[in-house]
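Working notes, beginning with the structure itself.
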Amino acid sequence: MIQTKNLKKQFGSHIVLNNISETIEKGEKIVVIGPSGSGKSTFLRCLNLLEVPDGGEIWFEGKNILDPKNDINILRRKMGMVFQQFNLFPHKTVKENITLAPIKLGVMNKEEADVRAAELLKRVGLPEKADSYPKQLSGGQKQRIAIARALAMNPDVMLFDEPTSALDPEMVGEVLELMKELAADGMTMVVVTHEMGFAREVGTRVLFMDQGMIMEQNSPQEFFGNPTNPRLKEFLSKVL
Ligand code: ADP
Ligand code: MG
C-alpha cells in the first residue's frame, strides 16, 4: 500500500529522515515508537506530503506521489490523519467538522455528507454531539471526533500521530478502544504512540525510530521480547 525508498528530509543542516526505505502492506497495523525528536512525526507527515521530502520516493497504491502529475488532494483523501492536538476547527460544529472536507472537495453533496457524519458519529459513540462545538467536548471526545472526521473520506489508510498523548489518563482508553475497533475492521494503520500495550496488542509490526532511521522492526512479540539494537534496549528499559 505504501512504499518509501531512501526517503530523506532535512531542516537546514539537520537530517531528520535519513534514507528510510519501508514497505507497508494493506491491512497492516504499524506501530512506530522512539525517542522525542527521532523523526516519527516527520515520517508520518511525509507520507501524506504535509512535509515535502528532500529526496527518495514514496509510492502509494502503485503511484509515485512525488510525481507532480499525481494530484496530492486525491492522495490525501485516501490517507486519513489524526494529530495529537486534534486540530478540530473551533468555530465549526462537530457535524461541520466532519462534513467540511467531503463537501469542499466535491466528494459528497451536503445531504450525503450529513448522512455519513451521522453514521460516523454513531460509530465513534457520540451521536448526540453533532451540533456541539469542540470546546464543549472532553479531550477524549475531541479525538474520537477527529477520528470520525478522518474517516469521512473513506480513507484506505489511517495515520495517527500520538493520538492519546494530549489526553488526561482517564480518556486514553476510549480512544485506544476506538482505534482497536478500526484495526479489527481491517483498516491499514500507521500509529506513532507511546502506548506499549497498544503496540503489543494491536500492532502487526513495531518499528523503532532513532536519529532519523528505523533501527529495528519486528513482530510485537520479538520486538519487546527479544530486542537487539542497544538503543532500543535502553529505550525499552525506560518506558516499560
Ligand atoms: P518526533 O515526532 O519523533 O518527536 P519530529 O519528526 O517531530 O520528531 O522531529 C524530528 C526533528 O526535526 C526534531 O529535531 C525537530 O526539532 C525537527 N523538526 C521537525 N519539524 C521541523 C520544522 N518544521 N523545522 C525545523 N525543524 C523541525
Ligand atoms: Mg512527534
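Every number for a ligand or one of its atoms is a count from 1 in the order of the listing.
A salt bridge does not link Asp71 to Arg76: none of the charged nitrogens lies less than 4.0 Å from a carboxylate oxygen. A salt bridge does not link Arg231 to Glu234: none of the charged side-chain nitrogens sits closer than 4.0 Å to a carboxylate oxygen. Salt bridge status for Lys63 with Asp67: absent, with no side-chain N to carboxylate O gap under 4.0 Å.
For a distance bound of 2.8 Å, the N, O or S atoms of Ser41 include one lying that close to the Mg ion (ligand 2).
Of all the heavy atoms of Val16, the ones lying under 4.0 Å from any atom of ligand 1 belong exclusively to the side chain. At a heavy-atom distance under 4.0 Å, only side-chain atoms of His14, from C-beta outward, approach ligand 1.
Taking only nitrogen or oxygen atoms, main chain and side chain alike, Ser41 reaches within less than 3.5 Å of ligand 1.
Proximity of a side-chain donor or acceptor of Glu216 to a complementary backbone N or O of Thr228 within less than 3.5 Å is detected.
For atom 24 (N) of ligand 1, the closest heavy atom belonging to the protein is Phe11 CD2, 3.4 Å. The protein heavy atom nearest to atom 8 (O) of ligand 1 is Gly39 N, 3.2 Å. Nearest to atom 4 (O) of ligand 1 among the protein's heavy atoms is Gly37 N, 2.7 Å. The closest protein non-hydrogen atom to atom 3 (O) of ligand 1 is Lys40 NZ, 2.8 Å.
Assignment of Pro35 to the shell around ligand 1 is supported, since a heavy atom sits closer than 4.0 Å. For Gly34, the closest heavy-atom approach to ligand 1 does not fall below 4.0 Å.
Rounded to the nearest 0.5 angstrom, Ile98 CD1 and Lys92 NZ are separated by 13.5 Å.
Residues Glu22 and Gln217 bring a donor and an acceptor atom of their side chains to less than 3.5 Å of each other.
Crowding of Gln221 atom CD: a count of heavy atoms from other residues, nucleotides or ligands under 6.0 Å not exceeding 12.
With ligand atoms numbered from 1 in the order given, ligand 1 contributes 5 (P), 6 (O), 9 (O) to contacts under 4.0 Å with heavy atoms of Thr42.
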